[in-house]
Amino acid sequence: VIGWSGGFLTRDNLNDQIQNVKGYPGDFVIVDIFTHASEVTPYIGLIIPVGLTVAVGTIQCVELAKLAGDNYNIRWSMLGDGAATMLAACFGSVFGMTVFIGHPAFKAMGARVTYNGLTALTFLIVCYTGLSSV
């Protein structure tokens, strides 16, 4: 809507973007991670604080869930986040994984595990089909 109303999206460039909608299988880039490690070291001063922020965010989300009546183990939540982040990095993701914020609100709306599954499925479809370019 913003693209159409601001004049950024026209029929011509929409047709160009639709050409990008096709299958994009993930690439296993674990070798590239170690090959280009020297390019990462200048950014360690940024990477570590961001990682700590994600860790604190996970702790906050688990504590919010506890206030909503759901007790989750912080250790297992953080290990799950770390494992998911490392697995995603092996396929080229630059984003760290963390638990959803807003647990009490989702719970109040009646969301259950299906909500998380459908969200993951939606992201998977958007990322592997190029729909994010449209």
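Counting begins at 1 with the first residue of the sequence.
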>> Same cluster or not: F106 versus V99, using hydrophobic residues (I, L, V, M, F, W, Y) connected whenever any side-chain heavy atoms lie under 4.5 Å apart?
In response: no
> Does one hydrophobic cluster hold both F34 and M86, with members joined at side-chain heavy-atom distances below 4.5 Å?
Replying inline: no
> Does a sphere of radius 6.0 Å around CZ in F91 hold more than 12 heavy atoms from other residues, nucleotides or ligands, not counting ones at 6.0 Å or beyond?
Replying inline: yes
> Given the rule in the side chain to side chain contact (heavy atoms under 4.5 Å, CB included) test, do I47 and V40 qualify, once you have shown the distances and angles that lead to the verdict?
Replying inline: CA-CA 9 Å; I47 293 169; V40 174; 3.4 Å; yes
> With hydrophobic residues grouped by side-chain heavy-atom distances under 4.5 Å, do V50 and V56 end up in a single group?
Replying inline: no
> Can you tell me how far OG1 of T10 sits from CG of N15, rounded to the nearest 0.5 angstrom?
Replying inline: 8.5 Å
>> Quick check for you: to the nearest 0.5 Å, what is the distance between I18 atom CD1 and N13 atom CG?
In response: 10.0 Å
> In Å, rounded to the nearest 0.5 Å, how long is the span from NZ of K107 to CG of L64?
Replying inline: 12.5 Å
>> Would you compute the distance between atom OG1 of T58 and atom CE of M97 and round it to the nearest 0.5 angstrom?
In response: 11.5 Å
> Out of curiosity, does L121 fall in the hydrophobic cluster containing V21 (side-chain heavy atoms, cut-off under 4.5 Å, transitive links)?
Replying inline: yes
> Of the non-hydrogen atoms in L46 and P49, which two are nearest, and what is the gap between them?
Replying inline: O-CD, 3.3 Å
> In Å, rounded to the nearest 0.5 Å, how long is the span from CG of N71 to CD of E63?
Replying inline: 9.0 Å
> What's the spacing between Q60 CD and I74 CD1 if we round to 0.5 Å?
Replying inline: 11.0 Å
> Linking I/L/V/M/F/W/Y whenever their side-chain heavy atoms sit closer than 4.5 Å, directly or via other members, would L52 and Y43 fall into one cluster?
Replying inline: yes
